[in-house]
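Everything below concerns the one structure shown next.
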There are 2 protein chains.
Amino acid sequence: MSIDSSRDAVAGRGVGVGPGAGTPVLPAPSLRGRVTMQQVAAEAGVSISTVSKVINGRYGVSSETVDHVSRVIDRLGYEASLVARSLRNHRTNVIGVLVMDFEPFSTEVLKGVADAIHGSGYELIAYSAGGHVEAREGWERRSLSRLMGSLVDGAVLVTPTVTDVQADGPVVAVDPHTGPSRLPSVAADNLEGARLGVAHLLGLGHTRIGMITGRADLLSAQQREQGYREALAAAGLPVDETLMSSGGFEPELARSAARELLARPEPPTAVFAANDLSALATLEVAAELGLDVPGRLSVMGFDNIPESALADPSLTTVQQPIRRMGEEATTMLLSLIAGEELTEPHRTLATSAVVRGSTAPPRPA
Amino acid sequence: MSIDSSRDAVAGRGVGVGPGAGTPVLPAPSLRGRVTMQQVAAEAGVSISTVSKVINGRYGVSSETVDHVSRVIDRLGYEASLVARSLRNHRTNVIGVLVMDFEPFSTEVLKGVADAIHGSGYELIAYSAGGHVEAREGWERRSLSRLMGSLVDGAVLVTPTVTDVQADGPVVAVDPHTGPSRLPSVAADNLEGARLGVAHLLGLGHTRIGMITGRADLLSAQQREQGYREALAAAGLPVDETLMSSGGFEPELARSAARELLARPEPPTAVFAANDLSALATLEVAAELGLDVPGRLSVMGFDNIPESALADPSLTTVQQPIRRMGEEATTMLLSLIAGEELTEPHRTLATSAVVRGSTAPPRPA
DNA sequence: GTGAAAGCGCTAACAG
DNA sequence: CTGTTAGCGCTTTCAC
């Protein structure tokens, strides 16, 4: 029982032993390395193309051979290499989610994409260039180039800053920072969301509402600021520019901005931050200053990332339906891949206020 | 200015025009499809191998040529295909995170992996076979076979049910359901965690504590049940088997289990669920039944997925350091890839109770 | 210093 | 019904 089958199993190209050349030998030799079609073919005593046909269910193979080869495949635990197959085929049956980094927002989108893809028969690959600093600039184009047209049939691009990419295949952007472009996109209603947020603050009775704005070059930030201004205007309140400060969507900058605002002679009684990260930073600053939230200061965010519920006090914020945005984008993408025309290339989803513990009526003076 | 450069740019193999054959022509022709090295070579008037050498910084190319080719690469926006490169090279510089599905737990692990990978120079690919039902069985082996040894240099396997996989490359399992095997692994201390959780409930004064158990075939589920039994025993309380029901780690099943438990003549005053998803389901059922939580019923989960903080009431739970588990696994994986020996192939991380709003002392009868 | 050619694992013509 | 052949886009000897 010590017949050495490895000679055949490992042999070079196109061994022509022929099927039924003998009784099956030792189970799964698998010397080392991944099992390749080559090895299956050798082990089964057929040609590589026959194995390929069996795997892909192509016609023109006797059911005997199919059975035999299938058995060998099972025994060897063979599974086609995604890479080799992708290189050969134009179609891969894989959807890509391209992100700059895996953080709360993008992973939430990812969940939405996964939800939408269930039962579609597609596989899902999420890719991040690794977040190294050099890779931050233009990651969208780079990632698209590396995966699109070979590994994936289409891609969802999460919060791209650059949207004038020329992808060779279907691409849908989620929350593009520069606004709708030629790329189909899904975004939340930032303008209305900001209005809602500020309206909540106004409804509590606040009249001195400061804002920590986002990155000036991003449309989402501009829209949130615009919503703030409109809500104030609608309430007949003037916009006090000294009550606005830029947080650039970044915790560090936001902290400075919050300090500045709260150090004013007449500080605001409420702060509306352009995103949750900035709001959370404001909470920290308030704690530093010994300012009670929400007793002395109300703080409102935007995004509703999971972390905002964990803050102390928990953050009142404007919620974006992040997960649903991922679902929408995927639905659009699948249509695109199916060759359909998009009736509505830019979808905007509604936002809503989530009231938690960081807002309350202003303390009577 | 209408010189048609597409003839060269599109021409077949190895155009031998030679560098400096004329002034640069029209910008980025890019007729269609992704830009390939072929096109760069043609456009630059050099051979494919020269382009390859330039890209990979190999010696033996004049600095003139390097400059020229680099410029063409930039202009065309060329980026090497991950797939083609993977097929050729053994090393890809990509780490894979293989999951059955992208749900709260696995995405949390993913964040941890991403954290650990920052600055390592690796790229990250997360892969899910799509969660179709047929794919559920043996997804670990299948995914590993499809990606390993070609697309990725190593992989983190999240909550695999099968761990006797023979991967051809470094693999680390996170929270393997069947317990430590030959595969290096990182897991939380399920036994101790369950003890802690039940101890919290006992500390509040509960004596009728039900449990919604997990999937009977999984070690993690068994350990959590074991912890529950031990904690009860330690408090001198008998285990009432009628107060236990299986939720299989799945929301749907958990809902039924919760209904069953709460419909008992003498229902429990507290429920310990084997995972947060089951606890969340229990919360829903309690709401349906008009049962006040935590007034009438205390509910405790296990995992501390982000969603648990968002529930109403927020869920008291046993926290696993999920993100850190991803980090640990990645550190181990990188060592493995670097060819180092693991001093500690199986790491167990501590758990802790996170008290939120879903637990309170039992209402005096 | 540069290019031709082989081949990674796979599929799709096309012959036999 | 089965095998041979030609690549997919890339890297790497090895000639020139």
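In what follows, chains carry the letters A, B, and so on, assigned in the order in which the sequence lines appear, proteins first and then strands, with residues in each chain numbered from 1. All figures in this text were calculated on a predicted structure; none of them were measured in a lab.
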How about [X] and [Y]: does a side-chain donor come under 3.5 Å of a side-chain acceptor?
| X | Y | value |
| --- | --- | --- |
| B:Thr50 | B:Ser47 | yes |
| A:Thr65 | A:Ser62 | yes |
| A:Ser106 | A:Glu103 | yes |
| B:Glu327 | B:Thr330 | no |

Any side-chain N or O of [X] less than 4.0 Å from the OP1 or OP2 oxygen of [N]?
| X | N | answer |
| --- | --- | --- |
| A:Ser150 | D:dG9 | no |
| A:Ser81 | C:dC10 | no |
| B:Ser62 | C:dT2 | yes |
| A:Ser49 | C:dC10 | no |
| B:Ser47 | C:dT2 | no |

Are the charged groups of A:Arg34 and A:Glu79 less than 4.0 angstrom apart, N to O? no

Would you mind telling me which residue lines up with the more 5' stretch of DNA chain C, B:Ser63 or A:Leu87, judged by nearest nucleotide?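 Per heavy-atom nearest nucleotide, the more 5' residue is B:Ser63.
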
Per the salt bridge (charged side-chain N to carboxylate O under 4.0 Å, His left out) rule, what does the pair list look like for residues 146-156 of chain A, sequence neighbours excluded? A:Arg91-A:Asp153, A:Arg146-B:Glu123

About how many Å separate CG of A:Leu87 and OG of B:Ser81, when rounded to the nearest 0.5 Å? 6.5 Å

Calculate the interatomic distance between [X] atom [atom1] and [N] atom [atom2]; express it in whole Å.
| X | N | atom1 | atom2 | answer |
| --- | --- | --- | --- | --- |
| B:Leu151 | D:dC10 | CG | P | 15 Å |
| A:Gln38 | C:dG7 | CD | P | 12 Å |
| A:Ile48 | C:dC8 | CD1 | P | 10 Å |
| A:Leu147 | D:dC8 | CG | P | 20 Å |
| A:His90 | C:dC10 | NE2 | C1' | 16 Å |
| A:Asn89 | C:dG9 | CG | P | 17 Å |
| A:Met37 | C:dC8 | CE | P | 13 Å |
| B:Arg85 | D:dC8 | CZ | P | 19 Å |

Among [options], which is the nearest nucleotide to the side chain of [X]?
| X | options | result |
| --- | --- | --- |
| B:Thr65 | C:dT2, D:dT12, D:dC10 | C:dT2 |
| A:Arg34 | C:dC10, D:dC10, C:dC8 | C:dC10 |
| A:Thr50 | C:dC10, D:dG3, C:dG3 | D:dG3 |

Listed in order of residue number, which residues of residues 53-61 of chain A have a non-hydrogen atom at under 4.0 Å from DNA chain C? A:Asn56, A:Arg58

May I ask you to say what B:Ser52 touches in the nucleic acid, namely base, sugar-phosphate or nothing, with a heavy-atom cut-off under 4.0 Å? base

Flag yes if more than 12 heavy atoms outside B:Glu340 fall under 6.0 Å of its CD atom; otherwise flag no.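 Yes - once you tally the heavy atoms of other residues, nucleotides and ligands closer than 6.0 Å, there are more than 12.
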
